[in-house]
S.K.: 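This is the structure, below, for whatever I ask next.
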Amino acid sequence: MSEEIIGHGTWYDMMAKKVIEREQTLKRDISRVRTEMGLGASGFPHIGSLGDAARSYAVTLALKAQGINSELIAYCDDKDGLRKVPAGLTNEGLEKYLGYPVSSIPDPFGCHESYGKHMSSLLLEALDKCGIQYSYYSAKEVYEKGIILNETRTILTHAKQVGEIVKQEVGQETYTEVLPYFAVCAKCGRIYTTRAYSFDPKTDKVHYKCEGLEIRGKLIEGCGYEGEADIAKGEGKLTWKGEFAARWKALDIRFEAYGKDIADSVKINDRICREVLCFEPPSHAKYEMFLDKGGKKISKSAGNVFTPQVWFRYGSPQSLLLLMLKRFVGTRTLDVSDIPAYMNELDQLEDVYFDKKQAGEKEAIRLKGLFQYCYVMKPPAKPSIHVPYNLMAFLVKMAPKECLNAYVTEKLQSYGYLQKNQALDKNLMQRIQFALNWIRDFEEIKETEVQLTTEEKKALTELVSKLQTEDDADKIQNAIFNAAKDNGIKPAALFKVLYQILLGATQGPRLGPYVLAMGKQNVIAALQRALNKEHL
RNA sequence: GGGUCCGUAGCUCAGUCAGGCUAGAGCACCGGACUUUUAAUCCGGGGGUCGCGGGUUCAAUUCCCGUCGGACCCGCCA
């Protein structure tokens, strides 16, 4: 094994090296090496689509670290047709737009110029939050401006060869009869309903009929129109079996990560790219799907799709990048409940990065590298204050609403996370917000019914009468211990009972001060309720 | 029909994609310490055929082949 460490010691650095070596072998110009990601525009972006971006961008960063000029291309599939009305939008009257290019469907939310723009901007917004930089290309513009015209023309004039490749690779025979091109029907405006039958390279016109198409057992009906589409004006698009190849060449893409769901498509496009367009396809890296673990309800409005926006409610963009980047192989199952773990793990990485925590030599390099990738190579200059997520959630949950920040500040000071008189900083405020959202959405405080023993009842009754007259935190604390001892109960057991009554948890903050913070009368009332329930 | 991933402590998983110290973490559990334990904290402990069988190698949890079990993708469209 070679002991030499490449770049930052991560998989991405290794990949970048392979890309460079391949390009050199191919004797191609590497003064600019582009990576690419596909930007879906036909539904709410699943959090997995961010993985595609994050991983390709990490390779771009790795290339840059090795002195290569690189950029990520975000290619927006806004010319794709709407195949299915997404969950969550079933009442927006979108059925009538099935089969239409998403860029020509009005935005049901009314805030963007089209349905496609709305959806793709959700993902772009997430990329921005993560600090992922990209050059944006819209398929619509790419076709209309003729950026991809030469490649489209070549593919259509070699349609027979393309059809043969498709047949050989996946056994599908459609394209031995039909051209790999979807024209937009000039009459009804749909794109998936047309079938392209012939192409004339002299006029750049595709002859098509609007016949309809069955997608997932559902037929989208065509209007029967027969006409000609001008490929130079972007009056249609290549089908996916051919389009990747065309844009790889047109945009000079050298690397693209892809999910296993489109593995066959990539295989076909690699051959088309090489054999028909005479362009060596980009280096690839295949990754597994991102699956929902399910179980926890996610969001009311977003149609239950786990979007990046959902993540950002409870965790930082860097923690999301950590999830995406820490491991390349293997299926990633995602669940909102994993977010705290990733937040904590990022803190641990930061400790390694700032040498606060020791790791093996090779391991340390890799972890520091991973940390830098999570911050898209702009890591913080100073360590931040790490408060474990569950502690923060706990504090926020316990804190009286009116003085949340003060309560949390005081606790953090007494636990030593903050110096005396040190205030909350921006980072901690952010963490409080995450914790607040978390508690609000998942951990409603409920008053649980508690089975009380006779001794416990007596102890609680004593405590209640003591509370009436006591206003000092320490004395209240002592009163609890005394109430336990006087009735032959272990203090720990009584505390547990109290926490269950007051917080619905088996443990909690120091009760003396908390009783006061919560409002003594409220506590007394809660205890009375628990006692009364028992009497029934 | 074709293909991919996963299987490691009681649980959840890391480590495997660049083979190399005694295979790790969190939680759980057990024991001990601390006058009243409050995020408790600190110290210690038990726990593992790394799914199974072969192969390559000086060396395999890691690479290759096979096998069992679980999950997923493609075979319309994208």
Side-chain angles (χ1 to χ4, degrees), chain A residues 1-7 9-15 17-18 38 40-43 77 79-84 98-99 102 169-172 174 182 191-192 213-220 237 239-241 243-244 259-268 285-291 293 326-333 335 337-338 340-341 344-345 348 359-360 362-363 365-367 387-388 390-395 398 411-412 414-417 473-474 477-482 484-485 490-496 498-499 503 505-515:
Chain A
M1 181 196 105
S2 109
E3 288 300 324
E4 190 200 354
I5 302 241
I6 299 143
T10 69
W11 182 90
Y12 306 97
D13 300 284
M14 196 62 179
M15 192 66 221
K17 189 180 173 219
K18 282 184 192 160
S42 45
D77 291 306
K79 241 182 134 57
D80 287 5
L82 183 68
R83 288 165 291 157
K84 203 182 130 205
L98 284 175
V102 290
E169 292 297 330
V170 294
Q172 187 190 2
T174 318
F182 277 125
I191 187 166
Y192 284 160
L213 182 71
E214 193 181 311
I215 295 176
R216 285 182 189 152
K218 262 182 109 176
L219 181 72
I220 302 176
K237 71 183 280 286
T239 65
W240 263 26
K241 300 199 172 67
E243 181 173 68
F244 285 163
K260 80 168 174 184
D261 53 333
I262 58 167
D264 283 341
S265 221
V266 169
K267 197 161 63 181
I268 292 165
K286 180 172 74 175
Y287 55 83
E288 287 287 314
M289 299 283 85
F290 293 84
L291 303 177
K293 226 180 269 174
K326 72 173 286 189
R327 192 168 58 138
F328 194 90
V329 298
T331 307
R332 309 308 317 268
T333 52
D335 192 85
S337 62
D338 296 330
N344 292 339
E345 187 174 345
Q348 283 171 33
K362 206 172 140 191
E363 186 68 358
I365 292 172
R366 198 182 68 83
L367 293 177
V387 180
N390 57 344
L391 170 60
M392 192 59 105
F394 179 82
L395 289 177
M398 300 311 156
K411 288 294 162 195
L412 291 181
S414 77
Y415 297 150
Y417 286 100
D474 283 339
Q477 184 76 14
N478 275 329
I480 299 170
F481 279 101
N482 291 334
K485 283 179 186 168
K490 278 190 177 176
L494 186 62
F495 274 107
K496 197 173 161 187
L498 284 168
Y499 288 125
L503 306 166
T506 53
Q507 38 181 251
R510 192 175 166 82
L511 273 181
Y514 187 74
V515 166

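All chains are named by letter (A, B, ...) in the order of the sequence lines, taking the proteins before the strands, and each is independently numbered beginning at 1.
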S.K.: So, using side-chain contact (heavy atoms from CB on, under 4.5 Å) as the criterion, who are the partners of A:Lys326 when residues are at least two apart?
M.R.: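 Once residues adjacent in sequence are excluded, the partners of A:Lys326 under the side-chain contact (heavy atoms from CB on, under 4.5 Å) criterion are A:Leu322, A:Arg332, A:Tyr342, A:Glu345, A:Leu370.
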
S.K.: Looking across every strand, which nucleic acid part, if any, lies under 4.0 Å from A:Gly81 by heavy atom: base, sugar-phosphate, or nothing?
M.R.: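 No contact.
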
S.K.: Look at A:Arg327 and B:rA14 and indicate whether a side-chain polar atom (N or O) is within less than 4.0 Å of OP1 or OP2.
M.R.: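 Indeed, a polar side-chain atom of A:Arg327 lies that close.
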
S.K.: Could you go over nucleotides 72-76 of chain B and give all protein N or O partners under 3.5 Å, atom names and distances?
M.R.:
| from | atom 1 | to | atom 2 | distance (Å) |
| --- | --- | --- | --- | --- |
| B:rC72 | O2 | A:Lys260 | NZ | 2.6 |
| B:rC73 | O2' | A:Lys260 | O | 3.4 |
| B:rC74 | O2' | A:Asp264 | OD2 | 2.6 |
| B:rC76 | O2 | A:Arg216 | N | 3.0 |
| B:rC76 | N4 | A:Arg216 | NE | 3.3 |

S.K.: Where does RNA chain B pair, written as one dot-bracket string 5' to 3', with Watson-Crick or G-U pairs under 3.5 Å, ( ) inside the strand, [ ] for crossing pairs and | for another strand?
M.R.: ((((((((.[[[[.)....(...]]]].(((((.......))))).....[[[[[..)....]]]]])))))))....

S.K.: Hey, what's the ring geometry for A:Trp11 with A:Phe328, parallel, tilted or perpendicular (30° and 60° as the breaks)?
M.R.: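 Judged by the thresholds at 30° and 60°, the geometry between A:Trp11 and A:Phe328 is parallel.
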
S.K.: Measure from the side-chain heavy atoms of A:Lys237 and tell me the nearest of B:rA78, B:rA14, B:rA18.
M.R.: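 Closest of the options to the side chain of A:Lys237: B:rA78.
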
S.K.: Which residues pass the side-chain contact (heavy atoms from CB on, under 4.5 Å) test with A:Lys84, sequence neighbours left out?
M.R.: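 With sequence neighbours excluded, A:Lys84 shows a side-chain contact (heavy atoms from CB on, under 4.5 Å) to A:Arg216, given in chain and number order.
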
S.K.: List in chain and number order the residues that pass salt bridge (charged side-chain N to carboxylate O under 4.0 Å, His left out) with A:Arg366, two or more places apart in sequence or in another chain; answer none if no residue qualifies.
M.R.: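 Only A:Glu363 meet the salt bridge (charged side-chain N to carboxylate O under 4.0 Å, His left out) criterion with A:Arg366.
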
S.K.: Categorize A:Lys84 for me: base, sugar-phosphate, or nothing, with a 4.0 angstrom heavy-atom threshold over every strand shown.
M.R.: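 Answer is nothing: A:Lys84 stays at 4.0 Å or more from every strand.
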
S.K.: Test of understanding: with side-chain contact (heavy atoms from CB on, under 4.5 Å), list the residues that count as partners of A:Leu219, not counting sequence neighbours.
M.R.: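 Result, side-chain contact (heavy atoms from CB on, under 4.5 Å) vs A:Leu219: A:Glu214, A:Glu221.
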
S.K.: Report the distance from atom CD1 of A:Ile191 to atom P of B:rA78, rounded to the nearest whole Å.
M.R.: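 Answer to the nearest Å: 9 Å.
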
S.K.: Which residues pass the side chain to side chain donor-acceptor pair (under 3.5 Å) test with A:Lys237, sequence neighbours left out?
M.R.: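 A:Lys237 satisfies side chain to side chain donor-acceptor pair (under 3.5 Å) with A:Asp80 only.
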
S.K.: Suppose we screen for side chain to side chain donor-acceptor pair (under 3.5 Å). Which residues come up paired with A:Asn344, at least two apart in sequence or across chains?
M.R.: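 Not a single residue meets the side chain to side chain donor-acceptor pair (under 3.5 Å) criterion with A:Asn344.
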
S.K.: Going by the rule side chain to side chain donor-acceptor pair (under 3.5 Å), which residues pair with A:Gln348 if we only count those two or more places apart in sequence or in a different chain?
M.R.: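 Listed in chain order: nothing, the list is empty.
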
S.K.: For A:Thr239, which contact category applies under a 4.0 Å heavy-atom criterion: base, sugar-phosphate, or nothing?
M.R.: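 Contact class for A:Thr239: sugar-phosphate only.
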
